[in-house]
Amino acid sequence: MAAKREFIENYFNDDVVAVARRLIGAQFLVNHVGGTIIETEAYAPDDPASHSFRGPTPRSRPMFGAPGTVYVYRSYGVHWCVNFVCRPGNAVLIRALFPTDGIEHMIERRAVPDRRKLCAGPGRLTQALGIDLEHNERPLSDLPFDFAPAPVESGVIAGPRIGITKATDLAWRFGLPDSKYLSRPFTKNGPSAV
DNA sequence: GGGGAGATTATCT
DNA sequence: GATAATCTCCCCG
């Protein structure tokens, strides 16, 4: 559907930090397996922690595609991580979901049967949803993806991003601090409501 | 339940 | 040749 693609391009054609905040509460499914986004991080082209920092490379090329493009990369040679592209060079890393759909499929794919950790982390959620390089550079508006915004008015906080060594001062991680399905808790001090 | 080591490989310098 | 947007397991208590 052309209207759907246009809606999604519009949704992601915005400031990457605003989109990262806005994505909390949205529904994300792959082949009908997925859940509610509860944790994200923003990455920008002028951000030393971003894959797009030194311009397009074979790996980061999808980050310079149309808003709403899916960017998948291999992390630590072991895990897949999934991002949604915003404006060129900008993308939001999806770090955790609250599982709602296809939980039995997730349990099958995940070696560790801890329900709380099915989608609690960027590597875990791609494993649970069956995301790999095959999904790289494809539009979020097309199958097998399903994306539905669901704005969360309050209760979202910001904090420093996880697992990076550069630009650690930026509070570009967003999430629902009370959820038990986060990749890691938000610390008491520092972060603030957004 | 918390800290630390090791896994494992594409990517870029 | 070093690094990396991570995860799991093992040890300790």
Side-chain angles (χ1 to χ4, degrees), chain A residues 12 15-24 26 28 30 35 37-65 69-97 99 106-137 140 157-175 177-188 190-191:
Chain A
F12 287 97
D15 176 79
V16 67
V17 176
V19 176
R21 161 64 181 81
R22 185 190 304 161
L23 278 169
I24 302 301
F28 175 50
V30 181
I37 298 173
I38 58 164
E39 186 184 341
T40 62
E41 281 177 3
Y43 288 88
D46 58 349
D47 161 18
S50 174
H51 292 168
S52 59
F53 184 58
R54 295 175 198 278
T57 65
R59 176 177 66 169
S60 69
R61 188 183 72 231
M63 285 186 76
F64 294 85
T69 298
V70 170
Y71 168 45
V72 179
Y73 71 93
R74 182 89 96 162
S75 174
Y76 288 87
V78 183
H79 311 283
W80 301 108
C81 293
V82 65
N83 300 251
F84 300 154
V85 176
C86 297
R87 290 170 173 161
N90 295 269
V92 177
L93 172 68
I94 309 303
R95 287 196 57 89
L97 305 180
M106 297 187 194
I107 293 171
E108 278 175 29
R109 290 174 179 140
R110 295 267 305 136
V112 181
D114 185 337
R115 308 282 175 116
R116 291 214 168 143
K117 293 192 170 121
L118 286 179
C119 298
R124 292 174 180 148
L125 79 88
T126 55
Q127 186 180 24
L129 272 57
I131 296 174
D132 59 23
L133 254 204
E134 180 190 333
H135 300 97
N136 190 31
E137 217 164 1
L140 183 61
I157 68 170
R161 295 175 292 181
I162 295 185
I164 57 169
T165 57
K166 295 162 190 163
T168 52
D169 54 314
L170 299 174
W172 281 5
R173 176 185 179 220
F174 297 91
D178 297 332
S179 174
K180 290 156 185 162
Y181 295 82
L182 294 169
S183 68
R184 286 177 43 179
F186 282 84
T187 52
K188 280 270 180 181

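Since the model is a prediction, treat every value here as computed from it, not as a measurement. Naming convention: chains lettered A, B, ... in sequence-line order (proteins, then strands); numbering from 1 in each chain.
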### Any Val70(A) side-chain heavy atom under 4.5 Å of Val82(A) side chain
yes
### Task
Answer whether the closest heavy-atom distance between the side chains of Cys119(A) and Leu129(A) falls below 4.5 Å.
yes
### Thr57(A) (side chain) donor-acceptor with Ser60(A) (main chain) under 3.5 angstrom
yes
### Message
I'd like to know if the side chain of Thr168(A) reaches the main chain of Thr165(A), judged simply by a donor and an acceptor atom lying under 3.5 Å from each other, with no hydrogens or angles considered.
### Response
no
Please tabulate, one pair per line, each protein N/O and nucleotide N/O from nucleotides 10-13 of chain B that are separated by under 3.5 Å, including the distance.
unit_1, atom_1, unit_2, atom_2, d
dC12(B), OP1, Thr57(A), OG1, 2.1

Not counting sequence neighbours, which residues clear salt bridge (charged side-chain N to carboxylate O under 4.0 Å, His left out) with [X]? List them please.
X	value
Arg124(A)	none
Arg61(A)	Glu137(A)
Arg22(A)	Asp14(A)

### Side chains of Gln127(A) and Arg109(A), donor plus acceptor under 3.5 Å
no
### Task
Run the numbers on Val72(A) and Asp132(A) for side-chain contact (heavy atoms from CB on, under 4.5 Å), then give the verdict.
CA-CA 7 Å; Val72(A) 179; Asp132(A) 59 23; 5.7 Å; no
### Query
Going 5' to 3' along DNA chain C, which nucleotides are the first and last within contact of chain A (any atom under 4.0 Å from a heavy atom)?
dA4(C) to dT8(C)
### Task
Find the distance between CG (Asp169(A)) and CH2 (Trp172(A)) and round it off to the nearest 0.5 Å.
9.5 Å
### Message
If you take any heavy atom closer than 4.0 Å to DNA chain C, which residues from residues 112-132 of chain A end up in contact?
### Response
Val112(A), Gly121(A), Pro122(A), Gly123(A), Arg124(A)
### Task
Would you kindly compare Tyr73(A) and Arg110(A) by the position of their nearest DNA chain C nucleotide and give the one closer to the 5′ end?
Tyr73(A)
Which pairs would a plain distance check flag for residues 40-50 of chain A, meaning a side-chain donor or acceptor within less than 3.5 Å of a matching protein atom at least two apart in sequence or in another chain?
unit_1, atom_1, unit_2, atom_2, d
Thr40(A), OG1, Ala20(A), O, 2.8
Glu41(A), OE1, Tyr43(A), OH, 2.6
Glu41(A), OE2, Ile162(A), N, 2.8
Asp47(A), OD1, Ala49(A), N, 3.0
Asp47(A), OD1, Arg161(A), NH2, 3.2
Asp47(A), OD2, Ala44(A), N, 3.4
Asp47(A), OD2, Arg161(A), NH1, 2.6
Ser50(A), OG, Ala44(A), O, 3.4
Ser50(A), OG, Ser52(A), N, 3.1
Ser50(A), OG, Ser52(A), OG, 2.7

#### Entry: Partners meeting ring-ring contact (aromatic ring centres under 6.0 Å, His included) with Phe84(A) (sequence neighbours left out)
Phe12(A), Phe28(A)
### Query
Based on Watson-Crick and G-U pairs with both distances under 3.5 Å, what dot-bracket line describes DNA chain B 5' to 3', crossing pairs as [ ] and inter-strand pairs as |?
|||||||.||||.
### Message
Going by side-chain hydrogen bond (donor to acceptor under 3.5 Å, both in side chains), name the pairs with one or both residues in residues 111-120 of chain A, residues two or more places apart or in two chains.
### Response
none
### Query
Any side-chain hydrogen bond (donor to acceptor under 3.5 Å, both in side chains) pairs touching residues 77-97 of chain A, not counting sequence neighbours?
Asn13(A)-Arg87(A), Glu39(A)-Arg95(A), Arg95(A)-Ser183(A)
#### Entry: For Val85(A) against Pro62(A), the heavy-atom pair lying closest together
CG2-O, 3.3 Å
### Task
Give, ordered by number, those residues of residues 80-97 of chain A having at least one heavy-atom distance below 4.0 Å to an atom of DNA chain B; if nothing qualifies, reply none.
none
### Task
Using a heavy-atom cut-off of under 4.0 Å over every strand shown, decide if Thr165(A) touches base, sugar-phosphate, or nothing.
sugar-phosphate
